[in-house]
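Worksheet: the structure to be examined is printed underneath.
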Number of protein chains: 2
Amino acid sequence: MRDNELSDIRQLPLFRSMSNENYATLTRAAYDQTFPAQVQLFEEASGADFLHIVMDGAVELFAGWQDRETTLEVIRPVTTFILAACITDSPYLMSARTLEKTRIIMMPTVDVRTVFDKDPAFALAAMTELSACYRRIIRHAKDIKLRNARERVAAYLLRTAPAEPTNASFVLPLEKRLLASFIGMTPESLSRAMRSLQELGVKVEGQRITIANRAALESLAHPSWLIDGPDLQNSQTRGP
Amino acid sequence: MRDNELSDIRQLPLFRSMSNENYATLTRAAYDQTFPAQVQLFEEASGADFLHIVMDGAVELFAGWQDRETTLEVIRPVTTFILAACITDSPYLMSARTLEKTRIIMMPTVDVRTVFDKDPAFALAAMTELSACYRRIIRHAKDIKLRNARERVAAYLLRTAPAEPTNASFVLPLEKRLLASFIGMTPESLSRAMRSLQELGVKVEGQRITIANRAALESLAHPSWLIDGPDLQNSQTRGP
DNA sequence: CGAACCCTTGACAGAAATCAACTAAGGTGG
DNA sequence: CCACCTTAGTTGATTTCTGTCAAGGGTTCG
């Protein structure tokens with residue numbers, strides 16, 4: 001890897017506090033590759049040989065069953081993914097594909113485990129990272145199990161919209177068909193849900209969304225910090 | 001805590017390989033309590049003050065939103081829970097209640113974090129444990145998002161049924177209303193789903209289930225190691 | 001015995017998926 | 001530059017699935 005990339009990664013919470021020596025071990029055998037869009041990086045059930053880090057672009061983590069498929073997560077820079085499979089040396093439970101042109105650092109899992117064993121700072125950072133992943137997917141499960149389709153769309157819009165200015169418009173960071181898969185519905189249902197939200201002051205112009213009446217949307221979605229995550233400002237509802 | 005309990009816990013993967021000294025630190029301030037059924041141990045959004053370990057009985061992890069509620073997990077002995085909230089010192093994302101008379105060890109999270117920082121063996125064990133939790137909830141999300149209600153019930157029966165003898169009967173480890181909540185449906189829907197599975201050779205007599213035709217059930221549920229977990233023997237379907 | 005509570009069943013309503021058709025936008029190649 | 005093709009998105013009609021509401025049976029337990 002080139003030096004400037006090295007320093008980029010070095011700043012990540014996962015690597016920030018570890019020793020230089022161990023960091024060198026990790027990066028020595030790492031690959032840095034740029035993939036075009038729609039490339040499958042790995043397939044569920046295959047062995048976890050690398051810890052992946054998205055430096056640029058976007059990666060979809062998805063899973064299939066029979067002829068169905070669902071998106072579990074979309075990874076954006078700068079973030080690691082599949083840490084859990086790495087640590088336990090287990091097969092992936094999800095497949096990964098690039099959504100756009102994407103640059104990825106791949107570190108051999110053997111190195112990750114080696115360094116994990118001898119660098120307490122890295123161990124702590126890895127644990128923190130994995131805890132965050134765990135809590136994210138718990139939230140996702142709650143979103144799916146507790147809210148209906150329309151409520152999920154409303155909540156997604158609220159947590160995706162910029163906090164300031166309050167009623168600003170923004171562009172969906174995901175293709176609608178992908179968003180539909182992520183929040184557990186068909187593209188048709190998403191389209192209809194968005195349409196129905198127009199009566200609550202949501203304007204939809206292609207990828208651009210304008211929330212004219214945040215309060216109305218909130219009274220439907222009841223955004224909660226316990227489901228929508230810490231990034232969402234308007235999360236008064238802390239209790240059930 | 002009494003000595004015999006200490007040795008019980010000591011055998012857990014999480015504590016097995018750590019030093020005696022650090023183990024002593026962890027257990028010194030730990031509580032050992034036995035609760036009756038239907039006691040709420042903690043509520044989502046509250047601070048994670050203790051790492052919990054179920055020694056006996058069963059604990060439900062659930063979450064509420066508006067007037068709805070869903071079960072995320074049922075913990076049975078001997079297992080820890082809410083490690084992630086412990087490590088990150090964040091509020092719980094789930095509430096917990098006992099399902100029956102339950103004995104629980106509670107270790108102050110401050111001690112857990114202290115020991116985590118200085119005992120690499122414990123750090124590794126904790127990471128392994130958390131990875132397993134992460135992968136379990138990923139599987140749960142896949143189950144919910146990829147299968148419909150009837151398929152989820154069929155898959156649950158297959159993964160709960162003893163592997164040998166093939167067509168033995170068994171008793172559901174969960175109340176049906178709880179099972180329904182766990183696999184994301186209403187009790188009424190579960191009841192109907194079970195009824196409809198009778199034509200596939202499933203006998204339902206109260207809590208006792210008999211699978212007369214495993215193959216028929218499998219052709220509906222398509223059990224997969226990637227969703228139903230490593231405990232399920234009949235998980236040929238490794239690919240999508 | 002009565003009071004809960006779990007489970008089941010039936011009737012119904014509502015939600016969401018499916019199937020199909022159509023539009024619009026973007027890219028390709030003649 | 002335009003015709004063509006592909007694909008995302010939308011819309012409508014319809015079916016399927018699932019939740020809701022209501023009632024009744026059975027069990028447990030005080």
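Note on naming: letters A, B, ... go to the chains in the order of the sequence lines (proteins, then strands), and numbering restarts at 1 for each one.
Comment: A:Asp228 does not engage A:Lys142 in a salt bridge, judged by the lack of any side-chain N to carboxylate O separation of less than 4.0 angstrom.
Taking only side-chain nitrogens and oxygens, A:Ser191 never comes nearer than 4.0 Å to OP1 or OP2 of D:dG9. Using a 4.0 Å cut-off, no side-chain N or O of A:Gln207 falls inside it from OP1 or OP2 of D:dA8. A close approach under 4.0 Å does occur between a side-chain nitrogen or oxygen of A:Arg195 and OP1 or OP2 of D:dT11. Under 4.0 angstrom from either OP1 or OP2 of C:dA16 there lies no side-chain N or O belonging to A:Ser189.
Side chains of A:Thr98 and A:Gln38: a donor-acceptor N/O pair is absent below 3.5 angstrom, by distance only.
Residue-to-nucleotide contacts include no donor-acceptor pair under 3.5 Å from the side chain of B:Arg192 to the base of D:dT16. Side-chain atoms of B:Glu188 come within donor-acceptor range of the base of D:dC21, with a qualifying N/O pair under 3.5 Å.
In this structure, the CE atom of B:Met185 is 16 Å from the C1' atom of C:dA15, given to the nearest Å. Distance B:Leu190 CG to D:dT18 P: 12 Å, rounded to the nearest Å. In this entry the distance linking CD of B:Glu69 with P of D:dG19 reads 16 Å, nearest Å. The separation between B:Arg68 atom CZ and D:dT20 atom C1' is 12 Å, rounded to whole Å. Rounded to an integer number of Å, the gap from CZ of B:Arg177 to P of D:dG19 is 14 Å. Atom CE in A:Met194 sits roughly 12 Å away from atom P in D:dT11 (whole-Å rounding). Taking atom CG on A:Leu172 and atom C1' on D:dA8, their separation rounds to 13 Å, with Å as the unit. Atom CZ in B:Arg150 sits about 18 Å away from atom C1' in D:dG19, given to the nearest Å.
Of the candidate nucleotides D:dT18, C:dC7, C:dA16, C:dC7 has the atom lying nearest to any side-chain atom of B:Glu175. Distances were taken from every side-chain heavy atom of B:Ala149 (C-beta onward) to each of D:dG19, D:dT18, C:dA16; the shortest belongs to D:dT18.
For the residue pair A:Met194 and A:Leu157, the shortest heavy atom distance occurs at CE-CD2, 4.2 Å.
The backbone N or O of A:Arg147 sits less than 3.5 Å from a side-chain atom of A:Arg152, completing a donor-acceptor pair. A:Arg135 places no side-chain N or O within 3.5 Å of a backbone atom of B:Ala84 that could act as its donor or acceptor partner.
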